[in-house]
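Inspection log for the structure reproduced underneath, given as structure tokens.
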Amino acid sequence: MLGPSGHLDTFARDNLPPPDQWPEIKLEGFDYPEWMNAGVELTDRMVERGFGDNTALIGNGRRRTYKELADWTNRIARALTEDYGLKPGNRVLIRSANNPAMVACWLAATKAGAVVVNTMPMLRSGELAKIIDKAEISIALCDTRLMDELVACAKESRFLKQVIGFDGTANHDAELDRAALNKPVRFEAVKTGRDDVALLGFTSGSTGVPKATMHFHRDILIIADAYAKEVLDVTPDDVFVGSPPLAFTFGLGGLAVFPLRFGAAATLLEQATPPKMIEIIETYKATISFTAPTAYRAMLAAMDAGADLSSLRIAVSAGETLPGPVFDEWVKKTGKPILDGIGATEMLHIFISNRLGASRPACTGKPLTGYEAIVVDDDMNEVPRGTIGKLAVKGPIGCRYLADDRQKEYVRDGWNLTGDSFVEDEDGYFHFAARSDDMIVSAGYNIAGPEVEAALLKHEAVLECAVIGVSDEARGTIVEAHVVLAKGVEAGELMVKILQDHVKAVIAPYKYPRSVVFTDALPKTESGKIQRFRLKQKPSA
């Protein structure tokens with residue numbers, strides 16, 4: 001089933017799911033050499049193809065060409081192998097905001113045969129520790145501005161042996177940069193197999209226990225050769241902009257893989273707020289935008305105030321469903337398409353999407369070429385069109401969890417069950433209905449309610465709590481905490497802020513409850529289990 005491997009450290013391949021738990025993988029039309037390295041394909045190969053002088057990355061005040069990116073990543077790869085002892089198959093964690101240096105580190109580690117784990121700067125030491133333990137990570141590359149949480153984590157870790165700082169600004173003034181600057185610009189990339197694991201994408205389940213999705217070198221190219229080629233029709237003249245973190249596979253695809261695969265340029269923002277994105281679009285005449293519906297609402301308001309977003313030819317929306325009114329207003333104001341789509345970390349990127357010239361409001365679209373999707377009941381029987389059921393997908397990429405029993409829940413009868421409820425209409429278009437579990441999706445971020453509850457319960461003022469998602473006009477859904485306070489603690493605005501700040505300090509700040517409801521008791525079953533569904537039926541505060 002699997003081709004040859006170039007990994008000396010066989011951890012990743014050893015921890016793939018058993019073959020009988022895999023989804024069906026449909027590789028027709030996606031043909032790659034038996035030996036290939038995705039890092040080389042996105043850099044040195046692009047120079048060979050004549051794109052050396054094209055701008056590849058824009059960020060932190062600098063433009064970098066494909067030739068500069070190839071040289072830069074080769075030097076870092078040499079430093080990692082020659083100075084830090086990186087072996088093919090070792091897991092490497094990268095901690096950084098979106099900037100060119102993070103992309104360079106990811107590509108360099110990939111060239112060196114590492115299995116890369118990209119992480120968000122907002123994660124705290126406890127969250128990082130879960131990732132490091134799960135993937136048995138020994139080396140971490142960290143923007144020197146973000147070292148504290150990772151260093152704290154390393155002190156307690158039995159796996160993490162080296163934390164190497166790199167300069168996320170344009171100054172090249174950190175340990176890894178200095179080691180790399182002394183290296184030649186040529187590097188013989190590790191001969192990896194197309195079926196070697198190149199990337200671990202971590203995703204929180206509704207339990208808050210992270211799952212690691214395993215992606216091969218070929219998968220990184222497939223998402224570009226499927227979605228970006230078919231739906232976006234990317235050309236070397238395109239300039240990408242977006243808000244999702246590179247640590248999310250949605251962001252890694254949209255802001256690194258897609259542009260680099262086709263000789264286009266990526267603009268990278270460390271703080272990708274709507275005002276900053278608008279500024280970048282106006283400055284660099286960006287043509288393709290990746291963000292969540294929340295940001296598109298802000299862009300529409302900015303256009304009313306005079307912002308010029310006319311350079312955009314495509315707006316891609318994902319992370320949460322795109323409301324029909326936002327679709328209608330965007331098309332009306334810009335005359336350009338806004339394309340909704342659905343992807344999953346397990347599938348690496350978008351697999352159902354609207355198309356140019358064939359997009360509809362309140363609709364997710366049709367499967368990409370090479371993918372199949374059906375709507376099924378609990379017994380995996382396909383339901384009639386027009387009926388809500390569970391979305392099941394198969395294609396050239398599928399779920400492979402790292403040593404995780406939840407593989408059996410995500411994959412059934414060869415299909416990937418995404419955890420979303422959908423309706424397929426008579427024309428074969430798919431429409432999102434709801435999340436099938438209690439995952440809270442807020443402004444494009446997946447938030448596990450139990451994790452927020454655990455953070456709240458660490459505060460002495462909290463006796464009990466339950467976290468749910470509630471509708472919000474700006475963010476789609478927000479986290480709402482229902483809290484029973486300890487005896488003698490006074491409820492009020494001050495306590496709301498104290499608890500919100502506490503959560504921000506314990507876990508990634510985006511997970512904090514934007515609404516806090518104080519209550520005398522939580523609804524429970526006779527056995528004492530909290531009935532969150534009853535909280536959802538109550539009007540919010």
Side-chain angles (χ1 to χ4, degrees), residues 6-9 37-47 52 56-57 59-60 62 64-119 121 132 135-147 150-151 154 159-192 196 198-200 217 246-247 252 256 260 268:
H7 286 175
L8 298 177
D9 178 344
N37 186 302
V40 173
E41 295 301 321
L42 299 175
T43 55
D44 305 76
R45 192 78 67 237
M46 298 307 293
V47 175
L57 302 176
N60 286 341
R62 282 190 63 172
R64 297 177 192 273
T65 65
Y66 278 84
K67 178 65 167 69
E68 289 171 326
L69 180 61
D71 292 351
W72 187 13
T73 53
N74 286 339
R75 282 176 158 157
I76 296 173
R78 271 189 176 269
L80 291 173
T81 54
E82 294 171 6
D83 296 10
Y84 298 104
L86 176 67
K87 298 287 188 290
N90 288 166
R91 276 74 59 218
V92 172
L93 181 144
I94 302 177
R95 175 174 167 80
S96 176
N98 287 10
N99 55 50
M102 181 182 187
V103 174
C105 285
W106 166 60
L107 291 166
T110 303
K111 285 182 174 183
V115 178
V116 181
V117 181
N118 292 313
T119 62
I132 288 163
E136 299 189 9
I137 295 168
S138 58
I139 298 174
L141 311 181
C142 185
D143 187 323
T144 50
R145 297 168 292 174
L146 299 166
M147 293 285 272
L150 196 53
V151 168
F159 295 111
L160 186 57
K161 305 305 180 194
Q162 298 185 83
V163 178
I164 307 159
F166 67 86
D167 191 342
T169 73
N171 297 326
H172 295 290
D173 188 23
E175 180 186 349
L176 181 60
D177 304 270
R178 289 190 286 272
L181 284 171
N182 291 322
K183 302 296 182 185
V185 298
R186 291 193 173 277
F187 175 71
E188 188 66 41
V190 170
K191 187 181 178 184
T192 46
D196 270 327
L199 184 72
L200 295 180
H217 282 264
L246 290 163
L252 189 70
L260 295 179
L268 297 167

**Asked** Ile137 versus Ile132: any side-chain heavy-atom pair under 4.5 Å?
**Response** yes
**Prompt:** How far does CG of Leu150 sit from CG of Leu160, to the nearest 0.5 angstrom?
**Reply:** 6.0 Å
**Nearest-0.5 Å distance that lies between atom CG in Leu80 and atom CD1 in Ile164** = 6.0 Å
**Test item: Thr169 and Asn99 side chains (from C-beta on) under 4.5 Å apart, heavy atoms** = no
**Request:** Salt-bridge test for Asp167 and Arg145: reply yes if a basic N is under 4.0 Å from a carboxylate O, no otherwise.
**Result:** no
**Request:** For Asn171 and Asp177, test the side chains for any donor-to-acceptor distance below 3.5 angstrom and give the result as yes or no.
**Result:** no
**Request:** Work out which heavy atom in Gly165 is nearest to a heavy atom in Ala174; give both atom names and the distance.
**Result:** O-CB, 3.7 Å
**Fill in**
Residues Leu69 and Ala56: closest non-hydrogen pair is CD2-CB, 4.1 Å
**Message:** Are Leu260 and Leu107 packed together at the side-chain level, in the sense that at least one heavy-atom pair is separated by less than 4.5 angstrom?
**Reply:** yes
**Asked** Can you find a heavy atom in the side chain of Thr110 that is under 4.5 Å from one in the side chain of His217?
**Response** yes
**Request:** Would you check if Asp44 and Tyr66 make a side-chain contact, meaning some heavy-atom pair closer than 4.5 Å?
**Result:** no
**Message:** Could you check whether Asn90 and Asp9, counting side-chain N and O atoms only, form a donor-acceptor pair closer than 3.5 Å?
**Reply:** yes
**Message:** Any side-chain to backbone donor/acceptor pair from Arg91 onto Glu136? Under 3.5 Å, distance only.
**Reply:** yes
**Complete:** Taken to the nearest 0.5 Å, the spacing of Asn118 CG from Ser96 OG works out to 9.0 Å
**Item:** Thr65 versus Gly52, closest heavy-atom pair with distance
**Value:** CB-O, 3.2 Å
**Request:** Check Ala112 against Val190 and note the closest heavy-atom contact, atom names and distance.
**Result:** O-CG2, 3.2 Å
**Item:** Spacing of CG belonging to Leu176 relative to SG belonging to Cys142, to within rounding of 0.5 Å
**Value:** 11.5 Å
**Item:** Over all atoms of both residues, closest heavy-atom pair of Gly6 and Pro88
**Value:** O-CB, 3.5 Å
**Prompt:** Is Asp173 salt-bridged to Arg178, going by a charged N under 4.0 Å from an acidic O?
**Reply:** yes
**Request:** Taking the side chain as every heavy atom from C-beta outward, state whether Thr81 and Lys87 have any atom pair closer than 4.5 Å.
**Result:** no
**Prompt:** Quick one: are Ile76 and Phe166 in side-chain contact, heavy atoms under 4.5 Å?
**Reply:** no
**Message:** Determine whether Leu252 and Leu199 satisfy the following criterion, side chain to side chain contact (heavy atoms under 4.5 Å, CB included), listing intermediate values before the conclusion.
**Reply:** CA-CA 11 Å; Leu252 189 70; Leu199 184 72; 3.8 Å; yes
**Side-chain (Asn74) to main-chain (Val185) donor-acceptor, under 3.5 angstrom** = yes
**Item:** Glu175 and Tyr84: CA distance, side-chain angles, deciding distance, side chain to side chain contact (heavy atoms under 4.5 Å, CB included) verdict
**Value:** CA-CA 11 Å; Glu175 180 186 349; Tyr84 298 104; 2.9 Å; yes
**Asked** Is the shortest side-chain N to carboxylate O distance from Glu41 to Arg45 below 4.0 Å?
**Response** yes
**Asked** Taking the side chain from Asn37 and the backbone from Lys191, do they hold a donor-acceptor pair closer than 3.5 Å?
**Response** no
**Leu268 side chain reached by Asn60 side chain, heavy atoms, under 4.5 Å** = no
**Message:** Between Ile94 and Val116, is the side chain to side chain contact (heavy atoms under 4.5 Å, CB included) condition met? List the steps.
**Reply:** CA-CA 7 Å; Ile94 302 177; Val116 181; 3.7 Å; yes
**Full working for side chain to side chain contact (heavy atoms under 4.5 Å, CB included) between Val115 and Val92** = CA-CA 6 Å; Val115 178; Val92 172; over 6 Å; no
**Fill in**
The residue among Arg78, Glu68, Lys111 that forms side chain to side chain donor-acceptor pair (under 3.5 Å) with Thr73 is Lys111
**Message:** Under 4.0 Å between a side-chain nitrogen and a carboxylate oxygen: does that hold for Arg75 and Asp71?
**Reply:** no
**Request:** Mind checking the OG1-NZ spacing from Thr43 to Lys67? Nearest 0.5 Å is all I need.
**Result:** 11.0 Å
**Asked** Which heavy atom of Leu86 sits nearest a heavy atom of Ala114, and at what distance?
**Response** CD2-CB, 4.0 Å
**Request:** May I ask you to decide if Leu146's main-chain N or O and Arg95's side chain share a donor-acceptor pair within less than 3.5 Å?
**Result:** yes
